[in-house]
Structures are given as structure tokens and as C-alpha cells.
Amino acid sequence: MFTKLFSGLIFTSSFLLITCVSAQQSSYQSKKLEYTDVKCHVMLTSGKPMISLWRIDDTHKKTIKQWLVGKKVTPPDSTQSSVVYKVFSCVAGNEEFTDAKAKHLDEKTAR
């Protein structure tokens, strides 16, 4: 009797576990994130301005400036990483900056 109860308990537990994992996977698949390429005119802690290229998910779209501050980046002409100190502006990867300094830096940035 005890073995029947025990095996029934194991079967029920296994069934519930498989059901929960399956539900989580389908939930994850339905919440696929959309990504956007952005470029930002930033100032590094080293005092150097640069254009920083990012692929972000849509959850960071509205708060990209705050999200970038403190992130480590490696300037194109350096092997040492630096930290983003300030973000002046961000635009979609295929758009133009409105600021002349940002435009100039963007033209010099390798892709």
C-alpha cells in the first residue's frame, strides 16, 4: 500500500513539474523581445566624447540615457575600456544626429 501511495505521489509531482516547465516555456516564447539599433553621443569618464553603438531591447528604449550611464565601453582607438559618464543624445541607428558635434563624430565612427 505504501509503495502504491509513494509511486502515485511521484507520478503526480512529475506531472506537475512537467506542466509548469511547459507553461513557462510557452510564456517565454510569447514574450519575444524586439531589439533596436541605437547610437548615442556620450562622454566617457576619461573626458573623451564618442558615438557608442548599441542593440537594445524595447524595455530600455524610453530610458536609454539613464541606462547607459555607468556602462563600460571601449573606444575605437584604445584597448582600455572606459565608463560612460554622460549621454548627450541617442537616435535610432539609421537616423541622423541633430547636433553638429555628434554628426561629426558619427561620420568618423567605424561600423
Side-chain angles (χ1 to χ4, degrees):
M1 169 131 174
F2 179 72
T3 55
K4 285 185 179 180
L5 179 65
F6 186 68
S7 62
L9 182 62
I10 289 177
F11 175 76
T12 305
S13 299
S14 299
F15 179 74
L16 289 174
L17 181 64
I18 291 170
T19 305
C20 289
V21 169
S22 174
Q24 278 184 329
Q25 285 178 342
S26 65
S27 168
Y28 175 75
Q29 290 172 350
S30 67
K31 293 181 182 178
K32 284 188 176 180
L33 295 175
E34 296 292 322
Y35 291 92
T36 304
D37 291 327
V38 295
K39 53 187 178 182
C40 297
H41 179 208
V42 301
M43 177 70 68
L44 305 178
T45 53
S46 63
K48 183 174 186 164
M50 71 175 277
I51 301 299
S52 184
L53 306 173
W54 295 86
R55 174 165 284 164
I56 60 164
D57 60 62
D58 287 344
T59 59
H60 291 77
K61 221 175 196 179
K62 293 181 182 177
T63 59
I64 182 71
K65 286 182 165 184
Q66 296 84 4
W67 183 79
L68 276 179
V69 173
K71 298 285 187 231
K72 284 187 177 182
V73 295
T74 303
D77 59 349
S78 176
T79 57
Q80 296 290 331
S81 63
S82 190
V83 176
V84 174
Y85 172 71
K86 185 176 183 179
V87 180
F88 298 109
S89 62
C90 293
V91 296
N94 59 352
E95 292 181 8
E96 295 281 327
F97 285 101
T98 55
D99 180 60
K101 290 180 185 178
K103 278 185 184 180
H104 180 69
L105 282 171
D106 190 28
E107 290 169 1
K108 295 188 334 184
T109 302
R111 307 259 182 325

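These numbers were taken from a predicted model, which means no experiment stands behind them.
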Q. Does the Lys39 side chain pair with the main chain of Glu95, one donor and one acceptor, at a distance under 3.5 Å?
A.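 At least one qualifying donor-acceptor pair exists.
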Q. Do side-chain atoms of Lys65 reach the backbone of Phe88 as a donor and acceptor pair under 3.5 angstrom?
A.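 Yes, Lys65 side chain to Phe88 backbone: donor-acceptor pair under 3.5 Å.
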Q.
To the closest 0.5 Å, what do you measure between CG (Asn94) and OG1 (Thr36)?
A.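 OG1 of Thr36 is found 10.0 Å from CG of Asn94.
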Q: Find the distance between OG1 (Thr109) and NE2 (His104) and round it off to the nearest 0.5 Å.
A: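 Spacing of OG1 (Thr109) from NE2 (His104) equals 9.5 Å.
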Q: Identify which one of Val73, Leu68, Val84 satisfies the side chain to side chain contact (heavy atoms under 4.5 Å, CB included) criterion when paired with Cys40.
A: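 So, applying the side chain to side chain contact (heavy atoms under 4.5 Å, CB included) to Cys40 and each of Val73, Leu68, Val84, only Leu68 qualifies.
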Are side-chain heavy atoms of [X] and [Y] found at a separation under 4.5 Å?
X: Asp77; Y: Lys48; answer: yes
X: Val42; Y: Met50; answer: yes
X: Ile56; Y: Ile64; answer: yes
X: Leu44; Y: Val83; answer: no

**Q.** Candidate pair His41 and Val87, rule side-chain contact (heavy atoms from CB on, under 4.5 Å), full reasoning
**A.** CA-CA 6 Å; His41 179 208; Val87 180; over 6 Å; no
Q) Can you get from Met43 to Leu105 by hopping between Ile, Leu, Val, Met, Phe, Trp and Tyr side chains that sit under 4.5 Å apart? A)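 No, no single cluster joins them.
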Q) Do Ser89 and Asp99 have side-chain N/O donor and acceptor atoms under 3.5 Å apart? A)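 Absent: no donor and acceptor within the cut-off.
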Q) Would you say the side chains of Ser81 and Thr74 form a donor-acceptor pair under 3.5 Å? A)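 Their side chains do not contain a donor-acceptor pair, so the 3.5 Å distance test is not met.
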Q | NZ/Lys71: more than 12 non-hydrogen atoms of other groups inside 6.0 Å | A |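 Atom NZ in Lys71 is packed in, count exceeds 12.
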Q | Criterion side-chain contact (heavy atoms from CB on, under 4.5 Å) on Tyr35 and Trp54, from CA distance to verdict | A | CA-CA 10 Å; Tyr35 291 92; Trp54 295 86; over 6 Å; no
Q | CA sep, side-chain torsions, deciding dist, call: Lys86, Val69, side-chain contact (heavy atoms from CB on, under 4.5 Å) | A | CA-CA 6 Å; Lys86 185 176 183 179; Val69 173; 6.0 Å; no
Q) Where do Val91 and Glu96 land on the side-chain contact (heavy atoms from CB on, under 4.5 Å) test, with the steps shown first? A) CA-CA 7 Å; Val91 296; Glu96 295 281 327; over 6 Å; no
